[in-house]
*Asks:* 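Below: one structure in structure tokens.
Within every chain, numbering begins at 1; the chains are lettered A, B, ... in the order of the sequence lines, protein sequences first and strands thereafter.
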Amino acid sequence: MALSREQMAQRVARELQDGFYVNLGIGIPTLVANYVPDGIDVMLQSENGLLGMGAFPTEETIDADMINAGKQTVTARKGASIFSSAESFAMIRGGHVDLTVLGAFEVDVEGNIASWMIPGKLVKGMGGAMDLVAGADNIIVTMTHASKDGESKLLSHCSLPLTGAGCIKKVLTDLAYLEIENGAFILRETAPGVSIEEIVAKTAGKLIVPDDVVEMKF
Amino acid sequence: MAGLDKRVATYEEALAGLTDNMTVLAGGFGLCGIPENLIAEIKRLGVTGLTVVSNNCGVDGFGLGILLEDRQIRKMIASYVGENALFERQLLSGELEVELTPQGTLAEKMRAGGAGIPAFYTATGYGTPVAEGKETRQFNGRNVILEEAITGDFAIIKGWKADHFGNVVYRHTAQNFNPVAATAGKITVVEVEEIVEPGVLLPTEIHTPGIYVDRVILGTFEKRIEQRTIRKA
């Protein structure tokens with residue numbers, strides 16, 4: 001079975017280490033915050049200028065001046081700090097964020113990522129995504145492995161305008177966890193019950209299947 | 001408004017000198033911390049041909065979105081336009097010129113502009129459409145592009161409290177682009193929820209020192225919420 005959105009978030013959460021500063025993008029990445037393992041404390045960075053994002057507010061504590069990068073009302077946790085957009089991106093660009101998780105339309109074997117526009121169809125803007133992928137060393141891309149029509153999103157060359165060039169090394173899809181090395185996807189883990197054949201069939205870019213591929217457990 | 005006393009009494013005075021074809025920098029992220037009354041005054045003034053620099057362009061009917069209604073904005077420099085249907089329509093039809101700019105680069109362009117740095121190199125956007133036509137270099141094996149600073153004829157800013165000297169503090173994440181844009185306007189206008197007597201704000205808590213600020217005006221704010229997310233108490 002392909003992973004659910006929640007399972008994808010759970011799998012990403014296993015990459016969290018105690019003391020990490022983490023930037024979570026919109027969508028599945030946001031759900032990762034629900035699965036921080038016990039005994040691990042991480043500080044969530046929101047690029048609009050908040051380090052230490054807390055839970056959603058209650059009806060009583062909601063505050064229009066307290067939002068996250070998805071423009072949702074949030075709270076600040078104990079130990080949080082708030083600063084300007086320039087300061088926020090100094091942290092991001094300067095490589096101070098330990099883990100960045102974001103979504104994408106496509107990734108390719110060179111570590112390129114496309115996530116911000118579909119020519120002629122969708123123009124939303126890149127927001128902070130280009131800064132995040134350029135500034136971070138440890139990035140996990142979360143996305144579905146193939147489109148609803150079965151078209152692979154793991155390609156030899158991204159077909160859409162890039163968000164960043166050569167910056168992605170880890171991809172978690174609904175079917176597999178893969179790394180990108182030397183111009184190829186390396187299959188590391190499969191979703192429970194998903195066959196290697198299915199992953200091979202749905203990966204358009206060069207795929208290497210080592211002997212020690214493991215099945216994820218939840 | 002005299003000497004170091006930056007206070008003005010009316011929105012008309014606050015934006016005196018704003019004319020067609022000027023560049024206006026606006027603070028705010030989404031609808032959070034936007035100078036909503038200064039934007040409304042720009043609409044009332046009816047100036048056109050503006051270049052507006054802001055992370056977003058408001059929503060339909062609120063924030064900078066209202067300046068699209070009468071086509072007062074000729075060019076928009078922004079990182080994200082997602083929530084605004086009129087914006088997307090004017091962009092796709094070519095009526096509105098748009099320079100989509102990565103969010104961190106946008107902030108740094110204004111920071112550099114205010115700090116007298118004409119341009120800077122950054123890895124952000126290398127190898128993407130953002131890099132087209134820009135100088136590239138390599139530092140320590142890293143590919144970077146040259147991005148130019150931005151300054152504005154006016155900066156319109158939303159603060160929480162200010163004193164007579166134009167020292168400003170921001171509230172929570174309503175800070176965002178405001179302190180950055182405040183440094184980069186030839187004329188920087190700050191609207192605030194409260195004007196306090198000099199000395200009330202501690203020197204150590206000032207976010208924007210008064211040297212950057214030309215005019216301060218007291219406003220009342222709707223503070224519209226874009227995504228109302230709540231947990232059960």
*Asks:* Does the side chain of B:Glu88 reach to within under 4.5 Å of the side chain of A:Lys124, using non-hydrogen atoms?
*Replies:*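 A side-chain contact under 4.5 Å exists here.
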*Asks:* For B:Tyr11, look at atom OH and say whether over 12 heavy atoms of other residues, nucleotides or ligands are found less than 6.0 Å away.
*Replies:*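 Yes.
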*Asks:* May I ask you to name which of B:Gly30, B:Ser79, B:Gly33 has the most heavy-atom pairs under 4.5 Å with chain A?
*Replies:*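 Most heavy-atom pairs within the cutoff with chain A belong to B:Ser79.
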*Asks:* Give a yes or no on this: more than 12 heavy atoms of other residues, nucleotides or ligands lie within 6.0 Å of atom CD of A:Glu179.
*Replies:*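 Yes, CD of A:Glu179 has more than 12 neighbouring heavy atoms, counting only those of other groups under 6.0 Å.
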*Asks:* Which bit of B:Ile230 comes within less than 4.5 Å of chain A, counting heavy atoms only: side chain, backbone, both or neither?
*Replies:*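 Both parts, backbone and side chain.
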*Asks:* Using distance only, find each side-chain donor-acceptor pair of residues 91-107 of chain A under 3.5 Å and give its atom names and separation, not counting sequence neighbours.
*Replies:*
unit_1, atom_1, unit_2, atom_2, d
A:Arg93, NH2, B:Gly104, O, 2.9
A:Asp98, OD2, A:Tyr21, N, 2.8
A:Glu106, OE1, A:Ser159, N, 2.7
A:Glu106, OE1, A:Ser159, OG, 3.4
A:Glu106, OE1, A:Leu160, N, 3.1
A:Glu106, OE2, A:Ser159, OG, 2.5

*Asks:* Count the heavy atoms belonging to other residues, nucleotides or ligands that lie under 6.0 Å from CD of B:Glu148, then report whether that count exceeds 12.
*Replies:*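 No, not enclosed.
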*Asks:* With side chain to side chain contact (heavy atoms under 4.5 Å, CB included) as the test, pick out the partner of B:Thr128 among A:Asn112, A:Val133, A:Leu162, A:Ile113.
*Replies:*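 The residue from A:Asn112, A:Val133, A:Leu162, A:Ile113 that satisfies side chain to side chain contact (heavy atoms under 4.5 Å, CB included) with B:Thr128 turns out to be A:Leu162.
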*Asks:* Any idea which of A:Gly125, A:Gly128, A:Gly127 has the most non-hydrogen atom pairs under 4.5 angstrom with chain B?
*Replies:*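 Greatest number of close heavy-atom pairs with chain B: A:Gly127.
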*Asks:* Search all heavy atoms of A:Ala134 against all heavy atoms of B:Arg142 and return the closest pair with its distance.
*Replies:*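 Smallest heavy-atom distance, with atoms named: O-NH2, 2.6 Å.
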*Asks:* Please look at B:Asn56 and chain A and tell me whether the side chain, the backbone, both or neither of the residue comes under 4.5 angstrom of a heavy atom of that chain.
*Replies:*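 Side chain only.
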*Asks:* Most heavy-atom pairs under 4.5 angstrom with chain B, which of A:Ala64, A:Gly49, A:Ala165?
*Replies:*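 It is A:Ala64.
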*Asks:* Under 4.5 Å heavy-atom distance to chain A, tell me which part of B:Leu100 shows up: side chain, backbone, both or neither.
*Replies:*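 For B:Leu100, heavy atoms of backbone and side chain both lie under 4.5 Å from chain A.
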*Asks:* In terms of heavy-atom contacts, does CG of A:Asp137 have more than 12 from other residues, nucleotides or ligands at under 6.0 Å?
*Replies:*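 No, the 6.0 Å shell around CG holds no more than 12 heavy atoms from other groups.
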*Asks:* Go through the atoms of B:Val180 and report whether side chain, backbone, both or neither lie under 4.5 Å from a heavy atom of chain A.
*Replies:*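 For B:Val180, side-chain heavy atoms alone lie under 4.5 Å from chain A.
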*Asks:* Which region of B:Arg111, side chain (C-beta onward) or backbone (N, CA, C, O), has a non-hydrogen atom less than 4.5 Å from a non-hydrogen atom of chain A, or is it both or neither?
*Replies:*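 Looking at B:Arg111, just its side chain touches chain A.
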*Asks:* What are the two closest heavy atoms between A:Asp65 and B:Lys223, and how far apart are they?
*Replies:*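 Heavy atoms only, the tightest pair is OD2-NZ, 2.6 Å.
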*Asks:* Please state whether the side chain, the backbone, both or neither of A:Ser46 comes within less than 4.5 Å of a heavy atom of chain B.
*Replies:*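 Neither the backbone nor the side chain of A:Ser46 comes within 4.5 Å of chain B.
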*Asks:* Of all the heavy-atom pairs spanning A:Trp116 and B:Pro129, show the shortest one and how long it is.
*Replies:*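 So the two residues come closest at CZ2-CG, 3.9 Å.
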*Asks:* To the nearest 0.5 angstrom, please state how far the NE2 atom of B:His172 sits from the CG atom of A:Asn48.
*Replies:*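 Spacing of NE2 (B:His172) from CG (A:Asn48) equals 13.0 Å.
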*Asks:* Nearest 0.5 angstrom please: B:Thr229 OG1 to A:Ile62 CD1, how far?
*Replies:*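 The OG1 atom of B:Thr229 sits 6.5 Å away from the CD1 atom of A:Ile62.
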*Asks:* How many angstroms lie between CG in B:Leu106 and CE in A:Met126, if you round to the nearest 0.5 Å?
*Replies:*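 Atom-to-atom, B:Leu106:CG and A:Met126:CE are 10.0 Å apart.
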*Asks:* Tabulate, in ascending numerical order, the residues of residues 70-90 of chain A having at least one heavy atom closer than 4.5 Å to a heavy atom of chain B, or enter 'none'.
*Replies:*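 If one takes a 4.5 Å heavy-atom cut-off, the residues of residues 70-90 of chain A near chain B are A:Gly70, A:Lys71, A:Gln72, A:Thr73, A:Ile82, A:Phe83, A:Ser84, A:Ser85, A:Ala86, A:Phe89.
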*Asks:* Locate the shortest heavy-atom distance separating B:Cys32 from A:Ile67; write the atom from each residue and the value.
*Replies:*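 Taking every non-hydrogen atom into account, CB-CD1, 3.4 Å.
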*Asks:* In this structure, are over 12 heavy atoms from other groups packed under 6.0 Å from B:Lys134 atom NZ?
*Replies:*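 Yes, NZ of B:Lys134 has more than 12 neighbouring heavy atoms, counting only those of other groups under 6.0 Å.
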*Asks:* Please flag which part of B:Thr101 lies under 4.5 Å from any non-hydrogen atom of chain A: side chain, backbone, both or neither.
*Replies:*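 Only the backbone of B:Thr101 comes within 4.5 Å of chain A.
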